[in-house]
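So the structure is just underneath, and the comments pick up after that.
Heavy-atom basis, side chains included; hydrogens, waters and symmetry copies ignored. Note on naming: letters A, B, ... go to the chains in the order of the sequence lines (proteins, then strands), and numbering restarts at 1 for each one. In this text the structure is predicted, and so the values were computed from the model without any measurement.
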Amino acid sequence: MDIRFSGVSKIFYPDITALEDVYLEIPKGEFVYLVGPTGSGKTTLLRCITREVAPTRGQITVGSFSLRKISRVDLSIFRRDIGIIFQDFCLLPHLNVFENVAFVLEVLGAPPREVKERTGEILDQVNLWRRRFLYPPQLSGGEQQRVAVARAIVNAPSVLLADEPTGNLDLHTAEEIMQLIISINALGTTVIMATHNQYLVDAYRQRVIGIRSGRIVRDEKRGRYNLDGEL
Amino acid sequence: MGSFKYTFRDAARLVIRHWGLSLLTVLTSMSVFYLIGASVLLVLNTRHIVNIMEGELTIQAFLAPETSADVVAKKAAALPHVTKIAIITPEIALGRLQVRVEPRMPNVLGFLADDNPLPWSIEVSVDRADGVKGVAEALSVIEGVADVVYAVELAQKLANFSRFAGQFSVVMLLVAITASAVVLFNTIRISVYSKEEEIGIMLMVGATPTFVAMPFVIQGIILGGMGSLGASVLLSLSYNGIMARLKDLLPFLPFLERGMLVAKLGVILVGSGATLSLIASLLAVEAFTRRAMKPL
């Protein structure tokens, strides 16, 4: 799914500008890093794509969906094609690893057999099959994030949004997660990843979009995290 | 099939996870539906008694000498609320008087047999107690009617009581239904808020609002249904006992027999309980999902 922002601005009440006049085009299958200081608008941009945030001005289209006016039913259908990884994992503590991942397929109405098979495949892919009966508090940070990744990709979304997915992890674990995300992108999934991790951005070079005070200040095809002290 | 299984499993989880609250809700809705059922039974019995008593309410119109009873009866029959008219000859009237008086004073009326002084009269039955006064007034102005006698106070009291019972039942019903709806609504809302995070994730991964709402609606129907079912069983068990006691205290009143009455009422109560729960649950969860899906 192509993603297009046309003159998107978002002003939170009373007058906090989170995004300002953003023009952006992300073709299907691309890997994009969003970099910028805290409060620069990275998360708002991601949340605009999931329509948790509605722009004050401008137009966002994702594939065939125009997000300006979308019904609740269409929004549900649209979101089925978007996977989200949060910095704080957002796992359900009362469900075990298997249930946390299977939950997505269940709410989408997949038949029980498919739920079992697909969840098994994904847990195998993220190396968590042997820990499937454990609960989130019994897992390490890296394992929890791998569960979150598994949950985000279990329904094979076209777009994967990752908001600081390595923020709470040590470097080794962060690399593991990064390789997982790269492998998902290699299968054709568009990935947009907001990050502060300079090492990962520089080690796995991809398109880099720099944001500051809600504005896109740079957009490089194979960029680095920090170029000459700028974003 | 997967959704179906998920919905029911999740609804059961909700009921069990908040078992204390679930129990309280079932008990509350049981009390409320018992109250509704009891007030319906009270009203049905009151109506039944009033109907029977109204059927026995008559107006006696005594005729002036030389008046044709048939002519007056025809005019009376044209009046509204009149259901039956009987012409009472002096002989019938005397016979009735003898039946009432002679058990206590034998042969005291024997001297009247040859020279019966009792007048001709017509006996008018009306369909409802609050129509008695109007019919009596209309009868009194018919030519040839000398006097009209009826149980003014009894008719008035019956009419008032019938009206009060109707109004009381409506008020009881409204209060009970509101109380039950509020309790169910709050229970479901607490369940919804306890799953706030889960619902947020469900909506983010593309679950429809209807899918999100279904387990809560089923939870509501389970709780409301159990409450109303419990109330129906309790009503059924207690009705006979209460009626037996009332018949001892008020043997002259014709109460309704249990028969199919309580069973029918039970079905209505369970149906109403489930419907009410459905509406309360939908309102509780719909407000939440609408807010959750609204973009900032």
Out of B/Val212, B/Ile201, B/Thr289, return the one with the most heavy atom pairs under 4.5 angstrom to chain A. B/Ile201
Non-hydrogen atoms of chain A under 4.5 Å away: do they reach the side chain of B/Thr210, the backbone, both or neither? neither
If only atom types and distance count, is the side chain of B/Thr208 paired as donor or acceptor with the main-chain N or O of A/Val73 below 3.5 Å? no
Given a strict heavy-atom distance threshold of 4.5 Å, which part of A/Phe78 is in contact with chain B: side chain, backbone, both, or neither? neither
Under 6.0 Å between the ring centres of A/Phe31 and A/Tyr33? yes
Return yes if some donor-acceptor pair links the side-chain N/O of A/Asn100 with the main-chain N/O of A/Leu91 below 3.5 Å, else return no. no
Ranked by heavy-atom pairs below 4.5 Å to chain B, first place among A/Lys10, A/Arg113, A/Glu52, A/Arg47 goes to A/Glu52
Can we say A/Arg146 and A/Glu176 salt-bridge, meaning some charged N sits less than 4.0 Å from an Asp/Glu carboxylate O? yes
Aromatic contact between B/Phe288 and B/Tyr193, with the criterion being ring centroids under 6.0 Å apart: yes or no? yes
Check whether A/Val115 gets within reach of chain B through its side chain, its backbone, both or neither, counting any heavy atom under 4.5 Å. neither
Is it the side chain or the backbone of A/Leu95 that comes within 4.5 Å of chain B heavy atoms, both, or neither? side chain
Under 4.5 Å from a heavy atom of chain B, the part of A/Phe103 involved: side chain
Any salt bridge between B/Glu286 and A/Arg72, counting N to O under 4.0 Å? yes
